[in-house]
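Have a look at the structure below, then the notes.
Just so you know, residue 1 is the first one in the sequence shown, and it goes up from there.
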Amino acid sequence: MPLSWNEIKARAISFSKEWEHETSEDAEAKTFWGEFFDVFGISRRRVATFEQAVKKGDSKQGFIDLLWKGTILIEHKSRGKDLDKAFQQAKDYFPGLKEHELPKYILVSDFDRFRLFDLDTGTNHEFQLSELSANVHLFGFIAGYQKRSYKDEDPVNIEAAERMGRLHDRLEEAGYTGHALEVYLVRMLFCLFAEDTGIFERTQFQELIDTYTKPDGSDLALQLAQLFQTLNTPPEKRYKTLDETLAVFPYVNGKLFEENLPLAAFDSKMRENLLLCCALDWSKISPAIFGSMFQAVMNPKERRNLGAHYTSEKNIQKVIKPLFLDDLYSEFEKAKGNRNRLNELHRKISALHFLDPACGCGNFLIISYRELRELELLILRELNKSGQGFLNVRDIMQVDVDQFAGIEYDEFPARVAEVAMWLMDHQMNMKVSNEFGQYFVRLPLTKAAKIVHGNALRVDWADVVPKEQLSYILGNPPFVGKSLQNAAQRVDMDLVFANVSGAGVLDYVTAWYLKSAVYIQNTNIRCAFVSTNSIAQGEQVGFLWAEMLNRYRVKIHFAHRTFSWSNEARGNAAVHVVVIGFGMQDIDNKRIFDYTDIKGEPQEKKAKNINPYLIEGQNILIVGQTKPICNVPEMFKGSQPTDGGNLLFTDEEKKQFIQKEPIAAKYIRPFISAHEYLNGQKRWCLWLVGIAPNELKQMPWVMQRVEAVRQMRLESTKPATVKWAQFPALFTENRQPQKEYVLVPSHSSENRRYIPFGFLTENDILNNSCFSIPGASLFIFGTIFSQMHMTWVKYTCGRIKSDYRYSNTLVYNTYPFPLTTTDAQKKKVEEAAQTVLDTRAKYPGSSLADLYDPVTMPPDLVKAHTALDKAVDLCYRSQPFANELSRIEFLFGLYEQYTAPMFGGESKKKKK
């Protein structure tokens, strides 16, 4: 058990006084360093070796004055000698040490002066013997205390996961697999943390392996099995003949070491791998970050990009701060100086209970627990302002791991989460020890986070945490789009959304929203989830939030609007997400966090009400309309050939075909899909609408293609397609405009500021990957080619991955065109729209994809669009729109006016 800092400082003062006037001969070094280690409550003989023989870089034999393998190398000189030379001499020993033996610190001394080098940080500290008591904190690693800050992408986290990954692979290759392997790795993970964070003595686990097992690894599995059994046995029940090396290990309990596992089999390389894991300083590794990385090592494909497989703390804070932490800190500030209110707040936080129903390796639970413990420490610090301290710190610590619960589908991360919670608990206990000068550890483990291995969508959450106890539900459920769901996930969706119309379009994450809404009825439980932003835009909004708002009456309390969920790891594709907090209560302090830059920091805005599109406004839902809500031309989907490619040509195929069948040239038309249109490519089609039978028979090559269409349709498994085999010369769906039309591609990259629209003629055959607006005026074209319309698109259209999927029913037909426009305003829009078209025409060699790429968009085209945006804005109002949020709030208000009669309200709509 580590000594308290107060005791260490007292011992340091005595040590300094004892040696201050002693004669300083090298022969006394062993006594000096033995007593130095005694200051920190550590037996030098147990951990370190004097005069360790080693081959130096020049192949000469050397002797290290004192070596604690993997921790510290000490080089001692007579009083007054050069410490720079002593440091260089210490480094000269490194080539002769194995990797796991390399120290993290070098200490050089001449009895009077100490110079400590931290090789990880590159820092050093120098002080006199008389100043040792003021500098004992520098040697916390000896005493078992560590003060560390954690970085999301600290290489040590990745290195640790990679080393564990290699150990996993070797065990798996040897035939040790499945559940046994997973539990075995979690146990070793605990032991590695334990010896670097004060649960075990420093290097106790490493010494057991390095000193008491054979180099060939043949007896390592047996030694580990004995260790695991010892850790699970109370001291009074251990064999009296148990080897002293094992007997000194503490009783851990917590069921971590309870299960009897089959013996593994190690070889020399596997033993060396485990020693390399021991060589890392595990006190530097965050349980919150490492857990997900550790899970990733189980999958060789994921291991190549370990940094991508955890949720950064910064993103976790976006959930927990507005969900509960901000309110608790606000209470704390108000309670300062009032002991009764501080004690009341302390009792309150110790009674909170949390559930993450998709907890993975426990990231959200671990960070939430740590933050609650940090707040508890602040409360106790405030209560202890007098400096009198507490008689027994154990009696005043109330927040514990059993306030936290999770559900996880995969067993391995569930077990990692449980252990990681213990490890975070211990790290916070060490912080308490530092704060109050009393050693505080919760051993044996009597309480644990309740992590249930199961399917959260089928488990009864009340069996995990009774709803009368539960305070908060939070987490990051799986990001699985509707088209990517497997058979089991589709069954899950059917179970949760039974009898909900239209649920087939919903992403998998929405099931956690609805199940939470059902669970929290008639309670004060609050929830917050991270989700792909698709649930707050497009067609999903109407189906999910109609249930959430209308049937279950939930209220949205806060929202982080779309931001980029990325940890900046190599190859880590960013996901665009939102965070939505909700509950049954209608609170006053509703907040919207808006991102001008989705990779930047948000701006917070107070809101009276937050609707499902995560903007301030009434709870309206945009539902698809068969006709436009405004007096504008209709939009139609393009035509579909269903021809097996037999009616279509590339440029080269068209050229060759006409050479064989010259009279077919008049029946070949441009065939425009979204891909060809945007990328400046060409395809052609046989357009045989209205052709006379005798003309068709005069073209044998055309007949051959038409016959191929007939055969393809006859062989189809779809009855409707088979029926169209009797019309093989025609497209199965013909919606070709009979006059000039505006083309709207149904798919477009989200990176474009504008979806590129354009005018085409009736001779340009439009594919079903586009929409047409026949007879659209230049004013209509200009209005939908503006930032006002693009803002509407972002919120109402569907998505393919993160790209736009335009819809006539959901986007165009619901778009609120300007309420009233003067002839002068229309003319300005038309002129600006024509300028955009004229500017595009200046670049005949550039595709629309090139012209609207944000990197390559020509400045004059940017300028033309800016002018068009301004002209359209003025049709809506004279006051400028500050940002996208102000635009969409305005448009939703206008939509509400236009659609009031549909829902029984009074319309303020005026005819255009």
Task: Donor-acceptor pair between Gln89 and Lys77 side chains, under 3.5 angstrom - done: yes
Task: Shortest non-hydrogen contact from Ala29 toward His76 - done: CB-CD2, 4.0 Å
Task: Donor-acceptor contact below 3.5 Å, side chain Glu411 vs main chain His179 - done: no
Open item on the list: Please find the pair of heavy atoms, one from Asp65 and one from Glu75, that lie closest to each other, and give the distance.
Closed with: OD2-OE2, 3.2 Å
Task: Gap between atom SG of Cys278 and atom CG of Asp196 - 0.5 Å precision - done: 8.5 Å
Task: Side-chain heavy-atom pair Leu167, Met188 within 4.5 angstrom cut-off - done: yes
Task: Non-hydrogen side-chain atoms of Leu365 and Val401 separated by less than 4.5 Å - done: no
Open item on the list: Distance alone, cut at 3.5 Å: any donor-acceptor contact between the side chains of Asp92 and Gln88?
Closed with: yes
Task: Gln229 CD: over 12 foreign heavy atoms closer than 6.0 Å - done: no
TODO: Answer yes or no: is there a donor N or O on one side and an acceptor on the other, between the side chain of Glu207 and the main chain of Gln204, under 3.5 Å?
DONE: no
- [ ] Look only at the side chain of Asp219 and the backbone of Lys214, and say whether a donor-acceptor pair between them is shorter than 3.5 Å.
- [x] yes
Task: Test side chain to side chain contact (heavy atoms under 4.5 Å, CB included) applied to Thr213 and Leu222, step by step - done: CA-CA 9 Å; Thr213 65; Leu222 184 59; over 6 Å; no
Task: Minimum side-chain heavy-atom gap Lys56-Tyr93 below 4.5 Å - done: yes
Task: Beyond-backbone contact of Arg187 with Val419, side-chain heavy atoms, under 4.5 angstrom - done: no
Open item on the list: Determine whether Lys269 and Glu272 satisfy the following criterion, salt bridge (charged side-chain N to carboxylate O under 4.0 Å, His left out), listing intermediate values before the conclusion.
Closed with: CA-CA 5 Å; Lys269 283 188 177 180; Glu272 185 63 26; over 6 Å; no
Open item on the list: I'd like to know whether Met397 forms a side chain to side chain contact (heavy atoms under 4.5 Å, CB included) with Asn429, so could you lay out the CA-CA distance, the side-chain angles of the two residues, the decisive distance to 0.1 Å, and finally the verdict.
Closed with: CA-CA 9 Å; Met397 304 308 300; Asn429 294 340; 5.8 Å; no
Task: Any donor-acceptor N/O pair, Asp410 side chain to Pro413 backbone, under 3.5 Å - done: no
TODO: Take the angle between the ring planes of Phe37 and Trp68 and call it parallel below 30°, perpendicular above 60°, tilted in between.
DONE: tilted
- [ ] Could you tell me whether a side-chain N or O of Lys104 sits under 3.5 Å from a main-chain N or O of Ala279, the two making a donor and an acceptor?
- [x] yes
- [ ] Answer yes or no: is there a donor N or O on one side and an acceptor on the other, between the side chain of Arg11 and the main chain of Phe36, under 3.5 Å?
- [x] no
TODO: Using a 4.5 Å cut-off on heavy atoms from C-beta on, say whether the side chain of Glu201 contacts that of Glu195.
DONE: no
TODO: Using a 4.5 Å cut-off on heavy atoms from C-beta on, say whether the side chain of Ile451 contacts that of Arg415.
DONE: yes
Task: side chain to side chain contact (heavy atoms under 4.5 Å, CB included) between Phe257 and Thr233, intermediate numbers included - done: CA-CA 9 Å; Phe257 297 97; Thr233 307; over 6 Å; no
TODO: Could you label the plane-to-plane angle of the Phe32 and Trp19 rings as parallel, tilted or perpendicular, counting under 30° as parallel and over 60° as perpendicular?
DONE: perpendicular
Open item on the list: Checking the side chain of Glu126 only, and the main-chain atoms of Arg115 only, is there a donor and an acceptor separated by less than 3.5 Å?
Closed with: no
Open item on the list: With a 6.0 Å cut-off (strictly less than), is the heavy-atom count around OH of Tyr239, excluding the residue itself, greater than 12?
Closed with: no
Open item on the list: Quick check: Tyr184 with Phe228 (ring centres under 6.0 Å apart)?
Closed with: yes
Open item on the list: Rounded to the nearest 0.5 Å, what separates atom CG in Leu375 from atom CG in Leu380?
Closed with: 9.5 Å
Task: Atom of Leu97, atom of Pro103 and distance for their closest heavy-atom approach - done: CD1-CD, 4.1 Å
TODO: Looking only at non-hydrogen atoms, find the nearest pair between Ile366 and Cys361 and report the distance.
DONE: CD1-O, 3.7 Å
TODO: Quick one: pull up CG in Leu67 and OG1 in Thr49 and give me the separation to the nearest 0.5 Å.
DONE: 6.5 Å
Task: Asp110/Lys81 salt bridge by N-O under 4.0 Å criterion - done: no
Open item on the list: Using 30° and 60° as the class boundaries, would you call the ring planes of Phe139 and Phe40 parallel, tilted or perpendicular?
Closed with: tilted
Open item on the list: For the backbone of Thr230 and the side chain of Arg238, can you confirm whether one donor and one acceptor N or O come within less than 3.5 Å of each other?
Closed with: yes
- [ ] Taking all non-hydrogen atoms of both residues into account, name the closest pair between Arg271 and Phe266 and its distance.
- [x] N-CD2, 4.4 Å
Open item on the list: If you count every heavy atom of other residues, nucleotides or ligands that lies below 6.0 Å from Glu244 atom CD, does the total exceed 12?
Closed with: no
Open item on the list: Tell me if a side-chain donor or acceptor on Asp425 pairs with a main-chain N or O of Met421 at a distance below 3.5 Å.
Closed with: no
- [ ] Could you walk me through whether Cys191 and Leu227 pass side chain to side chain contact (heavy atoms under 4.5 Å, CB included), step by step?
- [x] CA-CA 10 Å; Cys191 292; Leu227 171 64; 4.3 Å; yes
Task: Glu131 side chain reached by Phe114 side chain, heavy atoms, under 4.5 Å - done: no
Open item on the list: For Arg163 versus Cys277, what's the shortest heavy-atom pair and its separation?
Closed with: CB-SG, 3.7 Å
TODO: Kindly indicate whether the side chain of His125, heavy atoms from C-beta on, has any atom under 4.5 Å from the side chain of Asn135.
DONE: no
- [ ] Determine whether the aromatic ring centres of Phe404 and Tyr369 lie less than 6.0 Å apart.
- [x] yes
Task: Spatial distance of atom OG1 (Thr177) from atom CG (Leu171) [nearest 0.5 Å] - done: 10.5 Å
TODO: Enter the distance from Glu101:CD to Ile64:CD1 here, rounded to the nearest 0.5 Å.
DONE: 8.5 Å
Task: Interatomic spacing from CG in Asp400 to CD in Gln398 - rounded to 0.5 Å - done: 10.5 Å
TODO: Please answer whether the main-chain N or O of Val399 pairs with a side-chain N or O of Glu376 as donor and acceptor at a distance below 3.5 Å.
DONE: yes
